[in-house]
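Notes follow the structure.
The sequence lines fix the lettering, A, B, ..., with proteins before strands; numbering per chain opens at 1.
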There are 2 protein chains.
Amino acid sequence: MSKQKNDILQGTLTLLVLRTLEAQGALHGYALTAHIQRVSAELLRVEEGSLYPALHRMEQEGLVEAQWGLTEKGRKARMYSLTAAGKKQLAEERQNWERLTKGVARVLRHA
Amino acid sequence: MSKQKNDILQGTLTLLVLRTLEAQGALHGYALTAHIQRVSAELLRVEEGSLYPALHRMEQEGLVEAQWGLTEKGRKARMYSLTAAGKKQLAEERQNWERLTKGVARVLRHA
DNA sequence: ATTCTGAGCTAGGCTAGCTAGGTATGAGCA
DNA sequence: TGCTCATACCTAGCTAGCCTAGCTCAGAAT
C-alpha cells in the first residue's frame with residue numbers, strides 16, 4: 001500500500017521528536033506519540049514502529065539520551081531527553097523546515 | 001552523506017511537479033527544474049536524477065502524459081502535461097500537504 | 001577542436017518510514 | 001481464578017522515493 005493519509009513526511013519525525021522533548025522535557029516513547037498527536041490536533045499520528053527505531057537512531061547519533069525510569073502510573077519506561085547536540089540539531093532542522101515549506105508554499109501560490 | 005541542505009522533502013516532488021504543470025501547461029523536464037527553482041526563490045532545487053524517474057513514475061500512474069515536441073530553442077524535448085487524474089491527485093496532495101504542515105506548525109509553536 | 005549549454009536518461013545505494021507482528025506488566029472485572 | 005484492556009517497549013522485513021554519479025547527444029560558441 002502506498003502513501004496513506006496518516007503518513008508523516010519523511011524527515012519530519014526527528015524534528016517533531018526533538019521539538020517535543022524541548023518543550024516537554026524528558027518523556028518516554030509512548031507519551032511522545034500521544035503528545036504529538038494531541039498537540040497537532042490529531043493531524044499527525046506517529047506510529048510506534050516508526051518512533052522507536054527513530055529514537056534509537058537519535059540516541060546513537062547523540063541527539064537524545066535515555067534512562068530507565070517510572071511513569072506517573074508506576075510502570076517502568078525509557079525516558080528520553082534532549083542533549084546539547086540535539087538542541088543544535090533542532091535549530092538546524094527547524095530552519096530547514098522553514099525554508100522547505102516556504103519554497104513549496106511559493107510554488108503552490110504562484111507557480 | 002545524509003540529508004543535505006538542498007534535499008527536498010520526500011513526497012513533495014510529485015506535488016511540485018503537478019502544481020507547476022497546472023500553472024504552466026505543458027513543460028519539458030529541464031524547464032520544470034528551472035521553473036521550480038525560480039518560483040521557489042531558489043529555496044528548492046530539483047535534481048534531474050530525481051525528476052526524470054519521478055516523471056516516468058507519474059506517467060505510468062497516469063498523472064501526466066508526454067509527447068515529443070520542440071522547445072523555443074529548437075531542440076527536441078519531451079513535453080509533459082497534466083491529465084484529469086493528475087488534477088485530481090494534485091487536489092489531494094495539496095490538501096494532504098496543508099494538513100501535514102499545519103500539524104507540524106502546531107507542534108513547532110506549542111508542543 | 002573543444003567546451004558549454006540544453007535536453008534526456010539510468011544503475012545503484014540509502015534513508016527512514018510503514019506493516020505487522022511480538023513481549024511484559026498491572027488494573028479491572030467477571 | 002481467568003480474561004481482557006491499556007500501557008510500554010521492541011524488531012524484522014519491506015518499500016518508496018530521493019540522491020549520487022555517472023552517461024549520451026546536438027547545436028552553438030570559443
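Applying the salt bridge (Lys or Arg N to Asp or Glu O under 4.0 Å) rule to pairs touching residues 12-35 of chain B yields R19(B)-E22(B), E22(B)-R94(B), sequence neighbours excluded.
Rounded to whole angstrom, the span from the CD atom of E47(A) across to the P atom of dG21(C) amounts to 14 Å. Protein atom CG of L13(A) is 17 Å distant from nucleotide atom C1' of dA16(D), rounded to whole Å. One interatomic measurement links the two molecules: CG of L70(B) to C1' of dG27(D), which rounds to 13 Å at whole-angstrom precision. Atom CG in L32(B) sits about 15 Å away from atom P in dG6(C), given to the nearest Å. Computed from coordinates, the H35(B) NE2 to dA7(C) P distance equals 14 Å when rounded to whole Å. Computed from coordinates, the L51(A) CG to dT19(C) P distance equals 15 Å when rounded to whole Å. Atom-to-atom, CD of Q10(A) to P of dT15(D) comes out at 15 Å; the value is rounded to the nearest Å. Put simply, CG on D7(A) is 13 Å from C1' on dG17(D), counting in whole angstrom units.
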Below 3.5 Å between N/O atoms, which protein atoms pair up with nucleotides 4-7 of chain D? Just atom names and distances, please.
residue	atom	partner	partner atom	Å
dT7(D)	O2	R75(A)	NH1	2.9

Mind listing the N/O atom pairs, protein and nucleotides 10-13 of chain D, below 3.5 Å?
residue	atom	partner	partner atom	Å
dC10(D)	OP2	H56(A)	NE2	3.2

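Of all non-hydrogen atoms in V64(B) and L55(B), the two that sit nearest each other are CG2-O, 4.0 Å. Residues G62(B) and A85(B) share a closest heavy-atom pair of O-CB, 3.7 Å. Contact between L9(A) and W97(B) at its shortest, heavy atoms only, is CD1-CZ3, 3.6 Å.
Applying side chain to side chain contact (heavy atoms under 4.5 Å, CB included) to V46(A) and the options L32(A), T12(A), L51(A) leaves one that passes, L51(A). The side chain to side chain contact (heavy atoms under 4.5 Å, CB included) test with M58(B) is passed by exactly one of L13(B), T14(B), L82(B): T14(B).
Classification of the Y52(B)-H56(B) ring pair by plane angle, with boundaries at 30° and 60°, yields tilted.
Distance check: H28(A) NE2 to E72(A) CD gives 5.0 Å after rounding to the nearest 0.5 Å.
The backbone N or O of E65(A) sits nowhere less than 3.5 Å from a side-chain atom of T83(A) that would complete a donor-acceptor pair.
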